[in-house]
Amino acid sequence: MEKINITLPDGTQREVEKGATALDVAKSISEGLARNVLAAKVNGEVWDATRPLTEDTTLTLLTWNDDEGKSTMWHSSAHLMAEALEALYPGIKLGIGPPIENGFYYDVDFGEQSFSSDDFPKIEKKMLELAREKNEYIRKAVSKADAVTYFEEKGDEYKLDLIKDLEDGSITFYTQGNFTDLCRGPHIPNTGFIKAIKLMNTAGAYWRGDENSKQLTRIYGITFPKQKELSEYLERLEEAKKRDHRKLGKELELFTFSERVGQGLPLWLPKGAALRDRLERFLKAAQKKAGYDPVITPHIAQKELYECSGHYAKYGEDSFRPITTPHEGEEFMLKPMNCPHHCEIFKSSPHSYKDLPIRYAEFGTVYRYEQSGELHGLTRVRGFTQDDAHIFCTPDQVKEEFVKVIDLVLYIFKTLDFQDFTAQVSLRDPENPDKYIGSTENWDKAENAIKEAAAEKGLKTVVEYGEAAFYGPKLDFMVRDAIGRQWQLGTIQVDYNLPERFELEYTGADNQKHRPVMIHRAPFGSMERFIAVLIEHCAGKFPLWLMAEQVAILPISEKYNEGAEALSKVLNNSDIRALVDNRNEKIGRKIRDTELKKIPYMIIYGEKEHESGELSIRKQGEGDVGSMDTKAFIELIQNEVNSQIGEFE
RNA sequence: GCCGAUGUAGCUCAGCGGUAGAGCACUUCCUUGGUAAGGAAGAGGUCACGGGUUCAAGUCCCGUCAUUGGCUCCA
């Protein structure tokens, strides 16, 4: 019998018979491992664990602990759901059923049959039933003609549409139980690995994402190898729901919306405005140190400005319509971007290379007509404020400026406790060099500058080719919040387009005119979005320095209201935001209400404190933390605030 | 924008053809209490808006608006 060599990830080698499978290899290591193998990575490609190996191979066994193992299982789960659906709804047609980040979906055309999420339990039950049969997923290569015949007989036009684009000889079917699907695989060995099943929701989805095509019913689901993991997943979803910024924003009285004001136009309530103001002042202080010059520009501008910038041609149709003057019929647009205004500021006077870089910063409110279905709390709105700045510099200064902006972003992330983040570097699509404006030399220079700056700062980066804007490469910061969700926040973008369009120039050392490079940057991104993410990240328990109400003084009875008021004045004079709960309520009640408002510190104030001057302190979420005098308490708060904000160097 | 769901008191929700409900919040009174809900009374609603069906409509039907889960989009 012929032998082949298997190299495992730890470098060890094994000799097995030709035609052995990854599962066989797993068995030769341990039975326990074999029971957990979902798929295998064979020379870098994910395969069925049951597919025969025919040549020397480097092999990684994939289990539930590997992302590829999970997605294989979810892909197989999509097939299992399709099998259950076919059994329960004969005659349905199937679109595509891929794994996604959390689970899988399948797009289904139910034809005349009615379907709703009320049917989920029935389907889940059927899926479990089929899973217990431990049906194997069997791979079979078919010719294009046979594939077409199969789905013609089945009458599934979607699969036929898919086959149309496939090359003869590359087509495979997978069969488990009574269900056969067009599929490139891979799959788990059998359905028995699927132990816990939950269908999540349904949604309309166009065939091939084209809104002119038929709309199918997309069913989302997720499966696990253990019931316990499903429960944990559902708990995490519950936790996310509790942290939802829309819910907390209402409870903590941060912001609201009004139908009469309009969709996607947030109204900041006093506490939310105070929070936002504190964040803005924090960034302004850092930007001052970093050499930014604050500027202020109006909310509207002549349409011509955006024709010049090119924004009108690209987005004009999907923007708020222009505002017109009463008589002359001049057209003005609500500003969708601050950059054209800043370009005009740059142009207002001549510049020498000695002036560069020039950094104009503005908390600029912009308005964009987002599709109504896209609006979502504070994360997707129609009017929002960018912590915008535009840096005008020479091509040689790009890297240094990038490094400085990264420093600023890192300072913010550190202060607000976003510890887990990655930087996405978006570069040109090497296949389509003509898509981009600006010289190849400048692009090379800028792309290298970004990569070098990111490397110098030790950022964890992901490089995406083809994700650059047509006007320049960019660096986006993706943060992971406290419960593991990813959000895109800050962005730094190089721009060759606007300096060109606005004919910006500076005089170089050679006494010639040169075109500056522009860098757009927004460390928060937008105040709205950032605050939404911050709320969800800290579950509404903001760091002390950001809290609108830092300390609640709770008098034991009305007799001590006066003393409590006096104490609050002392604290307020030391820049501590304190309030007195002077309601006619018992202390237990006041503590409870204060806890729910997430106020970080409480001072219980009664006879004992009034006499001794020693304050009884409670910390939110922790309870009684002992007593101290007023001076010590003030220091405690001030030290905590100072340690949270730190210094931007 | 498209498909589905939802819209009842400040908030969370029940009611689903026959006189608008609960809990919390709010107001007043009683109580003046020591570490997560003291007691009583009261006030509060054109049941999102506009049409229709019906003797009778939060309740059934249609439209609009908004919210929401997705899809498409995102300077």
Side-chain angles (χ1 to χ4, degrees), chain A residues 100 105 107 114-118 200-220 244 246-247 250-251 253 256-264 306 309-319 335-340 366-377 379-382 384 386 388 469-472 474 488 491 493 495 497-498 520 522 526 529 554-561 583-597 602-610 616-627:
Chain A
I100 51 176
Y105 66 80
D107 285 345
S114 73
F115 172 81
S116 82
S117 53
D118 298 339
M200 303 304 296
N201 52 13
T202 66
Y206 302 108
W207 173 238
R208 300 207 153 193
D210 175 3
E211 61 180 293
N212 298 313
S213 299
K214 179 143 192 202
Q215 184 142 21
L216 308 178
T217 305
R218 178 167 295 178
I219 305 176
Y220 288 87
D244 191 318
R246 294 168 299 183
K247 178 175 139 71
K250 194 179 269 180
E251 283 174 12
E253 298 169 38
T256 188
F257 289 88
S258 148
E259 280 191 28
R260 306 183 75 183
V261 172
Q263 318 179 253
Y306 303 105
S309 71
H311 291 119
Y312 189 79
K314 199 161 186 322
Y315 298 101
E317 286 306 308
D318 299 314
S319 297
K335 79 172 163 187
M337 292 284 286
N338 301 301
C339 23
V366 297
Y367 299 90
R368 298 179 184 175
Y369 182 81
E370 304 289 355
Q371 295 185 42
S372 59
E374 275 313 316
L375 301 171
H376 180 90
T379 59
R380 197 73 190 274
V381 287
R382 286 179 171 167
F384 58 95
Q386 296 176 312
D388 213 356
F470 73 94
Y471 52 77
K474 61 180 178 178
Q488 198 224 298
T491 178
Q493 309 186 359
D495 188 346
N497 182 43
L498 288 182
H520 308 249
S526 93
R529 193 180 161 76
L554 312 181
I556 291 286
S557 82
E558 289 181 335
K559 277 188 261 176
Y560 303 101
N561 280 357
R583 293 176 305 165
N584 177 8
E585 292 292 350
K586 287 177 142 174
I587 193 66
R589 180 50 177 275
K590 292 182 182 181
I591 289 170
R592 179 183 155 79
D593 290 347
T594 309
E595 285 283 342
L596 292 177
K597 280 158 79 181
M602 280 169 244
I603 298 173
I604 311 296
Y605 194 84
E607 186 179 3
K608 208 167 74 192
E609 292 71 18
H610 192 71
S616 300
I617 312 298
R618 271 186 74 100
K619 242 180 140 164
Q620 206 271 347
E622 289 178 33
D624 197 339
V625 293
S627 57

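Per chain, numbering begins at 1; letters A, B, ... match sequence-line order. Computed from a prediction, not measured in an experiment: that's the story for all the values here. Side chains are part of it too, since the values below use all heavy atoms of this structure and drop only hydrogens, waters and symmetry mates.
When both distances must be under 3.5 Å, the Watson-Crick or G-U wobble mate of U19(B) does not exist. The partner of A57(B) is absent, by the rule that a Watson-Crick or G-U pair needs both atom distances under 3.5 Å. Pairing of G63(B), defined by two Watson-Crick or G-U wobble distances under 3.5 Å, is identified with C49(B). With a cut-off of 3.5 Å on both pairing distances, the Watson-Crick or G-U wobble partner of U68(B) is G4(B). Taking a pair to require two hydrogen-bonding distances under 3.5 Å in either a Watson-Crick or a G-U wobble arrangement, C29(B) pairs with G39(B). Pair assignment for G44(B): none, as no Watson-Crick or G-U wobble contacts are both less than 3.5 Å. Base pairing annotation: C24(B) forms a Watson-Crick or G-U wobble pair with G10(B), both donor-acceptor distances under 3.5 Å.
R368(A) places a side-chain N or O within donor-acceptor distance of the main-chain N or O of P336(A), the cut-off being under 3.5 Å. Without hydrogens or angle criteria, R382(A) side chain to E370(A) main chain gives a donor-acceptor distance under 3.5 Å.
A75(B) atom P lies 13 Å from atom CD of Q371(A), rounded to whole Å. Atom CG in D318(A) sits about 10 Å away from atom C1' in G1(B), given to the nearest Å. Here the P atom of nucleotide C26(B) and the CD atom of E253(A) are 11 Å apart, to the nearest Å. At whole-Å resolution of the value, CD in Q386(A) and P in C74(B) are 16 Å apart. Atom-to-atom, OH of Y367(A) to C1' of C74(B) comes out at 18 Å; the value is rounded to the nearest Å. Regarding Q493(A), its CD atom lies at a distance of 8 Å from the P atom of A75(B), rounded to whole Å.
Put simply, the side chain of R380(A) and the base of C73(B) share a donor and an acceptor less than 3.5 Å apart.
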I need a per-nucleotide contact map over nucleotides 28-42 of chain B, read 5' to 3'. Cutoff is protein heavy atoms under 4.0 Å; write B for the base, S for backbone only, - otherwise. --BBBBBBBBB----

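Rounded to whole Å, the separation between the C1' atoms of U12(B) and U54(B) comes to 34 Å. Comparing G15(B) with A57(B), their C1' atoms are spaced 14 Å from each other, to the whole Å. Comparing the C1' positions of A43(B) and U35(B) gives a spacing of 33 Å, expressed to the nearest Å. When the P atom is used for both A20(B) and G45(B), the distance is 14 Å, rounded to whole Å. Rounded to whole Å, the separation between the C1' atoms of G18(B) and C3(B) comes to 37 Å. G44(B) sits 40 Å from G1(B) when the C1' atoms are compared, rounded to a whole Å. To the nearest whole angstrom, the two P atoms, one in G7(B) and one in C61(B), are 13 Å apart. On the P atoms, C73(B) is 50 Å away from G23(B), given to the nearest whole Å.
Here the shortest heavy-atom pairing between I604(A) and I556(A) reads CG2-CD1, 3.5 Å. T491(A) and Q488(A) get closest at one heavy-atom pair: CB-NE2, 4.2 Å. Shown here for I617(A) and D624(A), the closest heavy-atom pair between the two residues is O-OD1, 3.4 Å. In terms of heavy atoms, A203(A) sits closest to Y220(A) at CB-CE1, 4.2 Å. Taking both residues in full, the closest heavy atoms of Y306(A) and P340(A) are given as CE2-CG, 4.0 Å, listed atom of the first, atom of the second, then distance. The two residues P555(A) and N561(A) come nearest to each other via the heavy atoms CG-OD1, 3.2 Å.
H376(A) NE2: more than 12 foreign heavy atoms inside a 6.0 Å radius.
Annotated as syn: G58(B), whose glycosidic dihedral is within 90° of 0.
Residue K250(A) is the one, among A469(A) and K250(A), whose nearest nucleotide of RNA chain B lies closer to the 5' end (criterion: closest heavy atom).
Classified by interplanar angle (parallel below 30°, tilted 30° to 60°, perpendicular above 60°), the ring pair H520(A)/Y471(A) is tilted.
A salt bridge links E595(A) to R618(A): one of the charged nitrogens lies within less than 4.0 Å of a carboxylate oxygen.
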Are any protein N/O atoms closer than 3.5 Å to N/O atoms in nucleotides 64-70 of chain B? If there are, list each pair with its distance.
from, atom 1, to, atom 2, distance (Å)
A66(B), OP1, Q263(A), OE1, 3.0
U67(B), OP2, Q263(A), NE2, 2.6
U68(B), OP1, R246(A), NH1, 3.2
G69(B), OP1, R246(A), NH1, 3.2
G69(B), OP1, R246(A), NH2, 3.0
G69(B), O2', N201(A), ND2, 2.9
G70(B), O3', Y220(A), OH, 2.9
G70(B), O2', Y220(A), OH, 3.3

